[in-house]
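A quick write-up on the structure given underneath.
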Amino acid sequence: MIKKEKPIFVTQPNLPPIDELTPYLRKIWDNKILTNGGPLHQELESELCKYLGVEHISLFNNGTIALITALQALKISGQVITTPYSFVATSHALKWVGAEPIFVDIDPNTLNIDPNKIEAAITPETTAILAVHCYGHMCDVDKIEKIANSYGLKVIYDAAHAFGVNCHCGSILNHGDLSVLSFHATKVFNTFEGGAIVCKDLKTKKHIDNLKNFGYLTDAEVVTFGINGKMSEVSAAMGLLQLRSIDQLLESRGKVDQHYRTKLSNIKGIKCVDGAGESKFNYAYFPILVTEDYPLTRDELFDKLKSYNVIARRYFWPLISDFMIYRNYPSATKENLPVANKTSNQIICLPIYPDLSLDNVDYIADIIRG
Ligand SMILES: *Cc1c(COP(=O)(O)O)cnc(C)c1O
């Protein structure tokens with residue numbers, strides 16, 4: 001096989017035709033409102049509620065500020081049970097509100113926090129569970145809810161990967177006290193930078209809206225230590241435009257996913273990560289595990305792909321618990337997190353995006369087949 005001239009990156013940002021953005025930009029120029037909950041911001045909030053099937057949404061300038069604000073809205077402090085197998089922002093958000101992340105191991109099949117290991121980590125200091133729907137695959141929401149209810153804990157879902165994913169009961173964003181989305185450029189739905197909190201009642205939404213606007217209640221009253229989390233009108237315009245084609249985009253991703261699964265089946269030592277039976281999925285990532293039965297190590301395969309100009313990513317390696325700032329936490333040890341450690345050393349996310357040609361999927365699969 002010959003090396004591709006142009007790199008095939010793990011993802012490409014969704015960029016709708018630039019001409020289609022112009023009418024939205026014109027609206028912004030006509031309105032002369034650039035931010036602070038402008039008309040496009042409001043329109044995107046209501047369109048997203050409809051599209052996602054959720055009650056209320058509050059848009060943010062990015063997913064990390066949305067996560068921090070969600071924790072702040074629920075007054076989270078003390079210890080919070082979370083997964084080490086995620087993007088570092090998950091734990092960072094806890095630190096920003098002064099809470100301590102307590103790492104719990106993951107389930108080997110879903111790669112989400114293992115609900116059977118949560119109870120052993122609960123102490124009198126525990127206030128919440130911050131779980132991640134990793135790669136968009138649903139957490140065991142029922143078990144988590146049951147544990148949270150019996151110990152009086154809040155539940156926050158980092159749903160940064162889970163845009164548009166549904167389960168038997170509708171959007172998975174309706175589980176837990178709050179769910180948080182990211183609309184970063186690399187995500188399936190992007191507003192350049194952006195994010196959102198999904199909540200179930202208007203009172204909570206209003207509180208969150210205050211928190212993202214410095215804590216202003218009226219122009220003369222600041223009632224809480226809020227932050228600037230507002231989404232700009234340009235970002236909202238990008239979101240509105242992208243929403244028009246999102247179903248097609250997800251469908252194209254689904255075809256890439258299906259093709260990978262066909263081409264990678266029966267390769268000894270390669271295991272595609274399966275979902276948890278979602279009724280609608282977003283195909284945001286294509287993770288594979290390079291197990292002991294494969295002739296190369298994960299890093300050797302990663303380098304081999306790179307030598308052919310296929311730029312995969314080792315999401316999530318290193319684990320959050322292995323970064324120097326978290327490594328000394330009592331719950332960060334390898335003994336406490338065997339599955340997460342093993343997975344982190346076997347994982348590769350292969351390129352997936354709507355325009356990725358099936359020829360290129362063949363090319364990538366052929367490299368892996370060896
Ligand atoms: C992308 C991501 C975030 C952070 O979102 P930003 O919009 O980049 O701030 C948080 N958690 C997870 C799991 C993510 O993938």
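The figures here come from the full heavy-atom set of this structure, side chains too, leaving out hydrogens, waters and symmetry mates. Because the structure is a prediction, the values reported are computed rather than measured. Atoms within each ligand, like the ligands themselves, are counted from 1 in listed order.
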Pick one: which of V361, I368, L358 meets side chain to side chain contact (heavy atoms under 4.5 Å, CB included) with Y260? V361
Residues, nucleotides or ligands: over 12 heavy atoms within 6.0 Å of K342 NZ: no
Within the supplied structure, the quantity of interest is the number of heavy atoms (other residues, nucleotides, ligands) at a distance under 6.0 Å from L202 CG; does it exceed 12? yes
Is it true that the side chains of S58 and D209 contain a donor and an acceptor less than 3.5 Å apart? yes
With hydrogens left out, which residues have an atom under 4.0 Å from ligand 1, given that only heavy atoms count? N62, G63, T64, S86, F87, A89, T90, D158, A160, H161, S182, H184, K187, G194
Neighbour count above 12 (heavy atom, 6.0 Å) for Y216 OH: no
Applying side-chain hydrogen bond (donor to acceptor under 3.5 Å, both in side chains), can you list everything that pairs with R314, at least two apart in sequence or on another chain? D299
